[in-house]
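Structure first, then comments.
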2 protein chains.
Amino acid sequence: MTTTADQTAQRRKPLSRNRVLIAAVHLADSDGIEAVTMRRLGTELGVEAMSLYNHVANKNDLLDGVVDLIVDDINTRVALASPPTGSDDWKRAMRDRILAARSVMLDHKWAPSVIETRASLSPAIIGYFDGLLGVFRTGGFSYDLAHHALHALGSRAIGFTQELFEESGSDDTMTSEQLKQMVTSFPNIGEMLEVVSHDGPDDTVGWCDDQTEFIFGLDLLLDGLDRARLAES
Amino acid sequence: MTTTADQTAQRRKPLSRNRVLIAAVHLADSDGIEAVTMRRLGTELGVEAMSLYNHVANKNDLLDGVVDLIVDDINTRVALASPPTGSDDWKRAMRDRILAARSVMLDHKWAPSVIETRASLSPAIIGYFDGLLGVFRTGGFSYDLAHHALHALGSRAIGFTQELFEESGSDDTMTSEQLKQMVTSFPNIGEMLEVVSHDGPDDTVGWCDDQTEFIFGLDLLLDGLDRARLAES
DNA sequence: ACCTGAACACCGTTCAAGT
DNA sequence: ACCTGAACACCGTTCAAGT
């Protein structure tokens with residue numbers, strides 16, 4: 001005689017570390033990273049929360065594994081990018097890699113917040129940075145300057161920036177009263193908002209377009225680094 | 001007849017929102033941000049955790065208030081910095097303000113992680129950014145370019161960067177076996193470590209000196225922005 | 001008006017027990 | 001070898017009760 005529990009057990013594939021990690025990524029994608037609890041992830045896999053401990057050491061290990069999956073994705077996309085052909089091409093190659101990493105981050109908006117909390121680096125991410133370092137070297141950077149360069153890029157090197165302003169600028173529906181208040185309290189920001197709202201939405205580069213701002217900052221840094229490289233040699 | 005409870009009640013000052021917030025900052029400073037729980041903060045103030053809810057709406061409100069205190073500190077230090085005297089002085093003024101903000105962050109190492117989780121901006125932080133915008137304007141930036149500039153600076157504008165590498169480089173005690181492994185797996189990083197360990201500790205700028213790296217990246221951005229300003233006019 | 005104690009709905013994690 | 005259920009030690013938060 002077959003109970004429903006038996007049927008469920010037969011229907012589902014056996015659990016594995018990889019299945020757990022993939023389920024965690026899907027759960028974070030659909031319901032946000034705060035939904036990724038051991039209990040919730042268990043029910044998502046049709047299993048008790050405690051069963052997960054057979055495949056991951058603890059929640060920290062789970063998140064480490066999740067980040068590994070994300071970085072693996074980055075590395076496979078980066079592998080498709082063409083390597084730098086010489087010192088006049090390093091900027092393009094670096095840009096391609098970083099924007100490939102960014103495309104992965106845009107697919108998993110929660111990933112930056114998880115990456116930030118990781119204590120140590122996995123081989124996957126060390127490999128990614130090793131690749132970036134290789135691009136700098138082909139570009140003619142000394143190890144010393146390349147090292148500074150990686151620090152200067154910071155999290156931008158793997159495709160994200162810390163956005164301090166939550167995108168309140170998305171709908172620019174500020175009452176004229178609020179705006180007047182803003183102008184008196186914060187004259188510069190107030191006037192900036194006035195100028196922007198006057199020029200309209202299809203202005204220059206778009207108001208707070210994350211991708212545009214990311215690329216602006218990235219190119220600013222890459223151009224600066226290229227100048228530092230030339231000054232060095 | 002006076003019980004010990006009465007004595008405690010008499011000894012302590014009355015609770016207030018400000019006393020709660022200040023206690024939270026001190027607790028975070030001494031025991032780390034993860035120690036700041038409602039229960040722990042309550043005992044720290046000689047009161048039940050639930051009493052705190054008379055002075056803060058909830059934990060989120062508590063953290064908002066804590067950030068406000070930090071930003072107030074930044075603003076008072078920034079107020080001491082001399083304003084820009086003209087378009088040839090904006091970079092110095094911007095640098096002074098950002099490094100003043102950074103000095104506060106260095107006093108409260110946990111602050112960046114809390115600031116990152118805040119959803120909305122308080123008047124205090126809007127005021128800080130209004131000041132930065134004023135410096136850009138004195139420097140001759142258009143509002144459009146100044147806006148890009150703030151995004152490009154990102155969290156650096158308030159004195160911190162997302163450090164991806166945990167400071168494992170502090171003690172450089174890597175065995176030659178580990179190093180050999182590193183060189184084969186990650187040739188570029190491996191060779192960089194060899195070069196660095198060869199040159200010794202009192203090399204050029206110090207290995208992963210956070211302050212040095214922060215200033216390197218900051219100056220890279222400020223120099224790039226100054227060029228963008230000149231190209232604009 | 002402010003503080004308390006018990007309770008609720010969550011966490012991550014352990015451990016002995018099942019198959 | 002893998003999964004389960006109960007339990008533990010924490011969270012933030014509510015609510016009725018005290019003063």
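In what follows, chains carry the letters A, B, and so on, assigned in the order in which the sequence lines appear, proteins first and then strands, with residues in each chain numbered from 1. What's counted below: heavy atoms across the whole structure, side chains too, no hydrogens, waters or symmetry copies. Please read all numbers here as calculations on a predicted model, not as lab measurements.
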Open item on the list: Please enumerate all residues that pass ring-ring contact (aromatic ring centres under 6.0 Å, His included) together with B:F136, with sequence neighbours excluded.
Closed with: B:W90, B:F141
Open item on the list: To check you understand the geometry: which heavy-atom pair defines the closest contact between A:P187 and A:S185, and what is its length?
Closed with: CD-O, 3.5 Å
Open item on the list: Just the rounded figure in Å: distance from C1' of D:dT4 to CG of A:L45.
Closed with: 16 Å
- [ ] Round to the nearest Å and state the distance from A:E48 atom CD to D:dA1 atom P.
- [x] 22 Å
Task: Dot-bracket pairing map - DNA chain C, Watson-Crick plus G-U, both contacts under 3.5 Å, | cross-strand - done: ||.|||||...|||||.||
Open item on the list: Please confirm whether the shortest side-chain N or O distance from B:S51 to OP1 or OP2 of C:dC2 is below 4.0 Å.
Closed with: no
Open item on the list: Could you check whether B:D68 pairs with B:R17 (Lys NZ or Arg NE/NH1/NH2 to Asp/Glu carboxylate O, under 4.0 Å)?
Closed with: no
Residues 214-222 of chain B, side-chain donor-acceptor partners within the protein, below 3.5 Å, at least two apart:
unit_1 : atom_1 : unit_2 : atom_2 : d
B:D219 : OD1    : B:R95  : NH1    : 2.8
B:D219 : OD2    : B:R95  : NH1    : 2.7

Task: Residue pair A:Q211 / A:R102, side-chain donor-acceptor N/O under 3.5 Å - done: yes
- [ ] Please identify each residue that fulfils salt bridge (Lys or Arg N to Asp or Glu O under 4.0 Å) with A:D107, with sequence neighbours left out.
- [x] A:R77
Distance-only donor-acceptor hits, side chain of residues 44-57 of chain B, under 3.5 Å, sequence neighbours excluded:
unit_1 : atom_1 : unit_2 : atom_2 : d
B:E44  : OE1    : B:R40  : NE     : 3.2
B:S51  : OG     : B:E48  : O      : 3.4
B:N54  : ND2    : B:S51  : O      : 3.3

Task: Reading 5' to 3' through nucleotides 9-19 of chain C, protein heavy-atom contacts under 4.0 Å coded B for base, S for sugar-phosphate only, - for none - done: --BBBB-----
Open item on the list: Without decimals, in angstroms, what is the distance between A:H55 NE2 and D:dA1 P?
Closed with: 12 Å
- [ ] Please examine the side chains of B:E191 and B:V183, heavy atoms only from C-beta on, and report whether any two atoms are closer than 4.5 Å.
- [x] no
